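Notes follow once the structure below has been shown.
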Amino acid sequence: MLQLSNITKRFGPLTALDAVSLRLDPASVHGLLGENGAGKSTLMNILFGLLRPDSGSITIHGQPVAIRSPRIAQSLGIGMVHQHFKLVPTLTVAENFSLSLHAPLRQIKARAAVWQSQLQWQLPLDTRIDRLSVGQQQRVEIIKALLATDCGTAFPGGGPPGGSPVPQRTLIFDEPTAVLTPQETAELFAAIGRLRDGGAAIIFISHKLAEVQKICDTVTILRRGRHIHSGPAGGITPAAMTQMMVGEAVESPTLNRSSNASLGTLFPSLPPALQLSNLSAGILKNASLTLHRGEILGIAGVDGNGQSDLIQAIIGGIPITSGQLSIAGIDATRAPIRWRIDRLAYVAEDRQTQAMILPLSIRDNLLLKEYRKEPFSTLGWLRFAAWRSHSSDLIRQFDVRCNSIADAAGQLSGGNQQKMVLARELHDAAKPLVIAANPTRGLDVGATAFVMRQLLAARARGAGVLLIHNDLDELLAISDRVLVLYSGTLTDSGTGIQPVAPPSKESIGHLMLGLPPDSPSAHGAA
Amino acid sequence: MKQLLTQLALVLVSIAAAIVLIMLGLYACGYPAHRILTLWAGGAIATRFDIAVSLKIACPLMLTGLAAGIAFRCGVINIGAEGQSLIGALAAAAFATAVAPSLPSSVAIPLALLAAILAGAAWAAIAALLDRYRGVPVVLSTILLNFIALQCVKIMLEGPTGPLKDPLTGVPQSRLLPAAYHLPLLPPATGMSSLHIGIFVALAAALIAWLIQSRTTFGFELRVTGLNPTAARLAGIPVAARQLSVMLLSGGLAGLAGAIQLLGITHILGISQPGIGYAGIAVALLGRLHPAGIILAALFFGMLDNGATNVEISRYGLPHDTADIVKGIIVLCILVGAAYISRHGIIAKER
C-alpha cells in the first residue's frame with residue numbers, strides 16, 4: 001500500500017497542493033480527477049520524483065520513503081506513462097527500451113517478451129517507433145514503464161513477473177486515452193485490467209468521466225490544490241463528479257438537433273462556406289466535401305491520417321497538388337495566406353506552436369492577425385492605443401483571465417490560452433468559415449464547455465464550422481454531420497443529414513481504423 | 001516590466017560574476033587584483049580623455065552589436081558581421097581612393113558610407129540566398145564568408161597586382177584616404193582621443209533600429225518571425241522575405257561599422273581582422289538584443305578594452321587579452337543565466 005499524506009507544495013505565492021492525502025491500494029485502479037490547475041500533475045510529479053513536496057510524507061507499506069528523482073521512484077516500483085510519449089522516433093522499439101533502461105538489447109528483448117505475453121500484446125520489437133500507430137506507441141511507453149519499475153520489484157534480474165505475490169507496483173497513466181480510438185481505448189482498458197489483476201496499483205488521470213467510471217475502482221477529486229472527495233467510483237454520477245471538480249454544475253453543450261432545419265437551407269442565399277473537390281495535398285487524396293453555412297461538419301480520425309494536411313491545405317500552409325478549394329464561393333486554391341486569414345478563423349491544432357507567440361504579450365497575440373489593418377496601424381506605424389482598447393475588449397468578451405494584457409501569453413493557463421486564441425479568431429462575426437482542430441485538447445471541463453459553446457455560436461450566426469477532433473464524444477455532441485479521415489481518404493460515416501440518428505460511435509471507430517463500419521468488433525470493444 | 005528587471009538582473013549578475021572570477025584568477029596568479037581593478041576602471045573613465053577613448057572604441061561595436069542584435073531577434077543567426085564589415089570597409093576604401101578621390105567632404109563621406117552599407121548588405125545577401133534556395137544554414141555560411149571576405153581584401157591589397165594597393169609601399173595596404181573622407185573629430189575637449197562623429201551615426205542607427213523594431217508593423221513581423229516562424233507564417237507574415245530583409249539590414253549595419261572605423265580611425269585599409277564583427281555578437285548578447293542595451297553593452301566593452309590598455313602599460317604588464325577573457329566569461333554567464341531563466345519559467349508555469 002502506498003500512502004501520500006498531507007502533501008503541500010507551493011510555487012511562490014501559489015499553493016498548488018494544500019495538505020492532500022491519497023491512498024493507493026494494490027490491485028486497484030484509482031481515478032484522479034480535477035480541472036487544469038487542480039494539482040493533479042503536481043501531485044503526480046511529486047510521486048514520480050520530479051518535484052519535492054514542501055511538507056507531507058510518502059510511505060510504502062508503512063515505511064517512509066524520500067523520492068528525490070524519477071530513478072528512485074522507479075526503484076520503488078513507481079512508473080509513469082506520459083501523455084506525450086518520450087520515445088525516439090528513429091530508433092526501434094527494443095532500442096528505445098535499451099536506451100532508457102541502460103540495459104543490453106538481448107536482455108531487454110527477453111524481459112519485454114515476458115510483459116508482452118502477460119498483457120497479450122505483440123509489439124514488433126525491431127520496428128522503428130515512427131512506423132507504429134499512436135496506440136502501439138503508447139504500448140511501448142507502457143512496457144517501458146513496466147520494465148523500468150521491474151528493477152524495484154522482486155525481480156531485479158528481469159525475471160518473469162508472472163508469479164505471485166507481486167510487490168507493490170504503481171503505474172501512473174496521464175490522460176492515456178486522449179489520443180486513442182474507441183477500440184484502442186478498449187484494448188488499453190483490457191491491459192490495465194490485467195495489470196490490476198496482477199496486483200499493480202494504477203493511477204488513471206482523465207477528463208473523460210465515462211471512462212473513469214468504467215475502469216476505476218476508486219476516485220479522488222482535487223480542486224484548486226485541495227482534496228475534495230475520495231470514494232468508490234461506482235458511487236457517484238458524472239454530473240456529481242463535474243460539480244465537485246468545478247465547484248458548480250456545468251452543462252455540457254450539445255447541438256439541439258430538433259430545431260435544425262435541413263442543411264443548406266438555413267442560409268439559402270449564401271454560397272457554401274467551404275468546398276473541396278477532389279483535393280489532394282500532402283497525404284490527403286481526392287478529398288471532396290461541402291460545408292454549408294450554419295453547419296458544423298465533424299472530421300473524425302486518428303491523428304496522422306491526413307488531418308494536418310487537410311487543415312494546412314485549407315489555411316494555405318501547404319500547396320494543393322490537385323483539385324479545387326473554394327471559400328465562401330470564391331476559388332481559393334492558390335490564394336495567399338493573407339487572403340485566407342480575412343475569411344477564415346483558425347483554432348489551431350497545436351495552439352502553442354501554431355497560434356501563439358508564447359513570450360509575446362497577450363495584447364500582441366490578440367493582434368497577431370490584424371496588426372496590419374486600420375486602426376491598428378497606419379502606413380506601417382503601430383498605433384498602440386487601438387491595440388490596448390481592442391484587446392481589453394476581447395479579453396472581457398471571451399472571459400480571458402489575466403492580470404494584465406501586457407503579461408506574456410505563455411503565463412496564461414491552457415484554458416485561458418485557448419480562450420485568447422478563440423477571441424482573436426472568432427470575434428469577427430463576418431468570417432464565413434471556422435476551422436477548429438482539436439480545440440479542447442488539454443482543456444478542463446469548464447473551458448471545454450466554453451469552447452464548444454463558442455463553436456455552436458459561430459454556427460448559429462451562419463458560419464460554417466469544420467471541426468477536426470479526436471475526441472469522438474465531443475465531436476458527435478455538436479456536429480451536424482461526421483466524415484471520417486483514414487489514411488488520407490475522407491469517408492462519409494453515414495451519420496447524415498437530418499434527422500440525425502443516434503450516431504454509432506463504434507461504426508465511426510471502425511472507419512477510423514480503416515475497417516468497414518459494420519465489421520465485427522475484434523476485441524470486444526463495446 | 002518584470003521582464004526588463006529580470007534581464008537587467010541577469011546582465012548585472014553576469015558582469016559581477018565575471019569580475020569576481022577574473023579577480024580570483026589574478027589573485028591565484030599572484031597579482032594584486034584589487035589594484036589592477038582600480039587601474040582598469042581608472043583607465044576607462046578617469047579623465048575626459050579616457051572617456052573619449054572608451055567611446056571611440058565602443059563606436060563600431062555599437063553598430064556591429066546592432067547588426068547582430070537585429071538579426072538575432074528575427075531568429076537569423078548572422079555570425080558574419082566580421083566579414084560584412086570588412087567588405088563594407090573595402091567598398092568605402094575603393095570608393096574613396098579609386099572611384100571618387102576628389103569629392104568635397106559633404107558629399108564624399110555620405111557616399112562612402114552608403115557604398116559600405118550596400119556592400120555589407122550584398123555580402124550578407126549571399127548567405128541569405130544560399131539559405132533560401134539551397135538550405136545552407138546562415139550560421140555556417142556567414143562564418144565561412146568571413147574568411148572569404150578577408151581573402152577578398154587581401155586580393156585587393158596584396159602583391160603587385162592588388163588594384164587598391166598603395167604603390168609607394170611594400171606593405172599590403174591601401175593608399176591613405178583623401179582628407180575629405182576623414183570623419184570630422186569632436187571638439188578639442190576630448191584632447192588627442194580622436195573621437196569622431198561616427199559616435200552620432202551609431203547612436204542614430206540605434207534610435208532608428210529601436211523605432212523600427214518597436215513601432216512599425218515591419219518590426220513586429222521581424223519579432224514574431226524570430227519567436228515563432230510557424231505561427232508567423234500562419235499569421236500571413238512572409239517569413240522568408242522578412243528573414244532576407246533583416247539579413248540585408250544586418251549586413252548594411254556591419255558594413256557601416258567597417259567604414260566608420262576606416263573613415264574615423266585608421267584612414268588606411270589593411271589586411272588584419274578588425275575583430276569588431278565578432279565582438280558585436282558578444283555586445284548584442286550582453287545588450288539582450290535591445291538597441292538601448294546594445295549601446296550600453298558596447299560602451300562597457302569599450303571601457304573594458306580601454307582600461308585593459310592602462311593595465312597593460314602599468315608596472316603589472318597584464319596582457320591586453322585579459323579584457324577578452326572577461327568578455328568571454330560575461331557572455332558565458334549570460335548564456336547560462338538565460339537558459340536557467342527560460343527553464344525556471346517553464347517549471348513555474350507547470351504547477
Side-chain angles (χ1 to χ4, degrees), chain A residues 9-12 14-17 37 39 41-42 45 50-51 225 312 315-317 336-342 346 348 350-361 364-365 367-373 376-384 387 404 406-408 410-414 424, chain B residues 1-7 10 69 72-75 207-243 245-246 249 288-290 338-351:
Chain A
K9 178 73 186 175
R10 291 186 194 85
F11 294 106
L14 185 128
T15 304
L17 288 174
S41 305
T42 308
N45 285 339
L50 290 165
L51 290 173
Q312 295 296 325
I315 65 172
I337 292 181
R338 280 191 184 180
W339 185 90
R340 301 183 205 219
I341 283 174
D342 292 339
Y346 174 43
D350 183 348
R351 61 178 165 267
Q352 297 205 342
T353 60
Q354 292 191 6
M356 295 174 58
I357 315 289
L358 292 171
L360 278 191
S361 67
D364 292 1
N365 272 282
L367 269 296
L368 191 57
K369 292 188 172 172
E370 285 169 297
Y371 66 91
R372 245 178 273 111
K373 298 187 188 137
F376 307 117
S377 64
T378 308
L379 299 173
W381 285 89
L382 303 175
R383 296 171 58 186
F384 289 119
W387 288 42
S404 149
D407 285 352
Q411 288 175 6
L412 293 173
S413 70
R424 183 182 71 214
Chain B
M1 189 62 198
K2 199 179 144 204
Q3 228 173 351
L4 181 75
L5 289 177
T6 314
Q7 298 291 344
L10 170 63
F72 290 179
R73 258 173 78 115
C74 188
L207 183 66
I208 293 168
W210 177 76
L211 280 175
I212 289 177
Q213 286 180 347
S214 63
R215 288 286 180 272
T216 66
T217 54
F218 178 74
F220 184 67
E221 290 171 349
L222 296 185
R223 181 120 191 262
V224 170
T225 299
L227 291 171
N228 184 343
T230 308
R233 206 163 78 87
L234 294 181
I237 296 170
V239 169
R242 290 298 170 270
Q243 286 170 337
S245 45
V246 85
L249 279 176
R288 307 313 291 143
L289 310 188
H290 189 284
Y340 175 79
I341 287 172
S342 66
R343 177 175 286 205
H344 186 73
I346 286 163
I347 289 173
K349 209 176 60 202
E350 267 180 6
R351 53 178 153 73

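Each chain gets a letter, A, B and so on, in the order the sequences are listed, and its residues count up from 1. As the structure is a prediction and not an experimental result, all values here were calculated from the model. Heavy-atom basis, side chains included; hydrogens, waters and symmetry copies ignored.
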If you measure from [atom1] on [X] to [atom2] on [Y], what distance do you get to the nearest 0.5 Å?
X	Y	atom1	atom2	value
B:F220	A:W387	CZ	CH2	4.0 Å
A:D364	B:R223	CG	CZ	7.0 Å
A:L379	B:T216	CG	OG1	12.0 Å

Need one label for [X]: side chain, backbone, both or neither, based on atoms under 4.5 Å from any heavy atom in chain B.
X	answer
A:Y346	side chain
A:E370	neither
A:D407	neither
A:I315	side chain

Chain A contact via B:I237 - which portion, at a heavy-atom distance below 4.5 Å: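 Both backbone and side chain.
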Identify the two heavy atoms, one from [X] and one from [Y], that lie closest to each other, and give their separation to 0.1 Å.
X	Y	answer
A:A355	B:A231	N-CB, 4.4 Å
B:L227	A:P359	CD2-CG, 3.9 Å
A:I337	B:L234	CG2-O, 3.8 Å
A:R338	B:P238	NH2-CD, 3.3 Å

Among A:Y371, A:F376, A:W381, which residue forms the greatest number of heavy-atom pairs with chain B at distances under 4.5 Å? A:Y371
One option among A:L17, A:L50, A:L368 has the most heavy-atom pairs under 4.5 Å with chain B, and it is A:L368
For A:R383, which residues count as a salt bridge (charged side-chain N to carboxylate O under 4.0 Å, His left out) partner, sequence neighbours excluded?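 So A:R383 forms a salt bridge (charged side-chain N to carboxylate O under 4.0 Å, His left out) with A:E374.
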Pairs touching residues 225-242 of chain B that satisfy side chain to side chain donor-acceptor pair (under 3.5 Å), sequence neighbours left out: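 Applying side chain to side chain donor-acceptor pair (under 3.5 Å) to every pair that reaches into residues 225-242 of chain B, excluding sequence neighbours, yields B:E221-B:R242.
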